[in-house]
Q: 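Structure incoming, see below.
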Amino acid sequence: MGLEIVRAEGSFLFDKKKKKYVDLISGISVSSVGHCHPAVVSAIREQLKSYMHLMVYGEYIQGPQVRLAEKLASLLPKKLNCTYFTNSGTEAIEGALKLAKRITGRSELVSFRNGYHGSTHGALSIMGAETFKSAFRPLLPDTRLLNFNAVKDLAQITSRTACVVVEPMQGEAGALPSAPGFLAALRNHCNKTGALLIFDEIQTGFGRTGSMFAFEQEKVVPDILVLAKGLGGGMPIGAFISSRENMEMLTNNPVLGHLTTFGGNAVCCAAAFATIETVENEKLLRGIKKREKIIRRYFRHPAIKKLRGRGLLYAVVLDNEKAVQKVIRKCLAAGVITDWFLFCPEALRIAPPLNIPEKVLEESCKIIVKAIDAL
Ligand code: PMP
């Protein structure tokens, strides 16, 4: 984009020439509470007074990690009560894949076409698009891709399968929600075969799809939950979460089965705790419906083929990639930042901070519709 941003606050970014932009993509679903939220900044400052890094993760008891892990457990179903913190989403996926292999003693990793789980070797191995993989082969063996939302494909999950990794709503496929009942059918197949069910909520977590976690809407609980992005309120942190009993498998045979130096960094954990508290204290989930209505009201246009998504993650599907790029450029010039999707270049990405002022959202939608008018 060639854009140099020198300051960010709430839903706005400012460039060197003091031009103001509305951030309608939240740094790809990271800044859900807005940029530099005062509560998050204050928590970081407070933690800096005590310590930053002390030791590799897990050796010392560190208050910010414990508080954050307890907070996550309080938000989640009982069996998701034990958290391992990482530095990023892809690392959390790596940890989850290793945990599934260790628990089941199996090797097959199942995932879905057009799923995105990260860019490291393990996560790339289960990525659902060949174009991003072929230059880096050989990747992990024993992987299998199924079609998302195709219940009949689930028969390919067998007693050889260690785990099935799925996004409850596929992000990079273009905000593609799981069909009603699909996750329940998947849960059922996993129960029957002993495969572990892993939900990648890296992009959908912390209110993005209208509930704290997307899986709550389908009432299906995974064996392992993976989080990152919006968790840190702008600081780098990821997590994989399971039951205490499952997680203990990483502590023996071999001892220290998963290690990280920086994972669970105290400053990042303090920021994440403040981020979750902000979502709760400012009742951000309640405000999503109103913002969702605004988006649905404005994005009705003959040039819009479909508006896909839920909560505050949308794909505005246009004719083709060229049209999307044209709209992105026009909006940028008018001070509104949008984007496209990795596996759906013919759609415009709309994922503003959850607390974007309604008026700002409306004005931004008008600018986008004007750009679509001009196609
Ligand atoms: N899973 C999903 C669903 C994602 O959207 C992303 C990032 N776009 C990742 C995993 C990888 O996270 P990270 O970039 O922090 O490694």
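Counting convention: from 1, in listed order, for ligands and their atoms alike.
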Q: Could you tell me, atom by atom, which parts of ligand 1 come under 4.0 Å of a heavy atom of Glu167?
A: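 Once the distances to Glu167 are compared, the set is 3 (C).
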Q: Considering only NZ, NE, NH1 and NH2 on the basic side and carboxylate oxygens on the acidic side, decide whether Asp142 and Arg106 come within less than 4.0 Å.
A: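 No.
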Q: What are the atoms of ligand 1, with element, lying closer than 4.0 Å to any heavy atom of Thr90?
A: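 It comes down to these atoms of ligand 1: 11 (C), 12 (O), 13 (P), 16 (O).
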Q: What residue and atom, counting heavy atoms only, is the protein's closest point to atom 1 (N) of ligand 1, and at what distance?
A: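 The closest heavy atom on the protein side is Asp200 OD2, 2.7 Å.
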Q: Please work out which of the three classes, parallel, tilted or perpendicular, describes the rings of Phe199 and Phe215, given edges at 30° and 60°.
A: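 Judged by the thresholds at 30° and 60°, the geometry between Phe215 and Phe199 is tilted.
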Q: To check your reading of the model: name the closest protein heavy atom to atom 11 (C) of ligand 1, its residue, and the distance in Å.
A: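 For atom 11 (C) of ligand 1, the nearest protein heavy atom is Gly118 CA, 3.7 Å.
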Q: Apply side chain to side chain contact (heavy atoms under 4.5 Å, CB included) to the pair Ile304 and Val317, showing each step before the final yes or no.
A: CA-CA 6 Å; Ile304 297 176; Val317 185; 5.8 Å; no
Q: Which part of Ile202 is near ligand 1, with near meaning a heavy atom under 4.0 Å away: side chain, backbone, both or neither?
A: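 Just the side chain.
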Q: Using a strict cut-off of 4.0 Å, indicate which atoms of ligand 1 neighbour a heavy atom of Gln203.
A: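 Taking each heavy atom of Gln203 in turn, ligand 1 has 5 (O) under 4.0 Å.
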Q: With a sphere of 6.0 Å drawn around NZ of Lys19, does it hold more than 12 non-hydrogen atoms of other residues, nucleotides or ligands?
A: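 Atom NZ in Lys19 is packed in, count exceeds 12.
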Q: Which protein heavy atom lies closest to atom 4 (C) of ligand 1, and at what distance to 0.1 Å?
A: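 Checking every protein heavy atom, the shortest distance to atom 4 (C) of ligand 1 gives Tyr116 CD2, 3.7 Å.
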Q: Near Lys229, which atoms of ligand 1 are under 4.0 Å from a heavy atom of that residue?
A: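 Once the distances to Lys229 are compared, the set is 4 (C), 5 (O), 6 (C), 7 (C), 8 (N).
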Q: Do Arg67 and Glu70 sit within salt-bridge range, that is, some charged N less than 4.0 Å from a carboxylate O?
A: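 The answer is no: the pair does not qualify as a salt bridge.
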Q: Any protein heavy atom under 4.0 Å from atom 14 (O) of ligand 1?
A: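 Protein heavy atom within 4.0 Å of atom 14 (O) of ligand 1: absent.
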Q: Hey, mind stepping through Lys98 and Glu94 against salt bridge (charged side-chain N to carboxylate O under 4.0 Å, His left out) and telling me if it holds?
A: CA-CA 6 Å; Lys98 281 174 65 185; Glu94 299 295 329; over 6 Å; no
Q: Decide, yes or no, whether a salt bridge links Glu280 with Lys71 under the criterion of side-chain N to carboxylate O below 4.0 Å.
A: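 A salt bridge is present here (some side-chain N lies under 4.0 Å from a carboxylate O).
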Q: Go through ligand 1 atom by atom and flag the ones less than 4.0 Å from a non-hydrogen atom of Gly89.
A: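 Atoms satisfying the 4.0 Å criterion: 12 (O), 13 (P), 15 (O), 16 (O).
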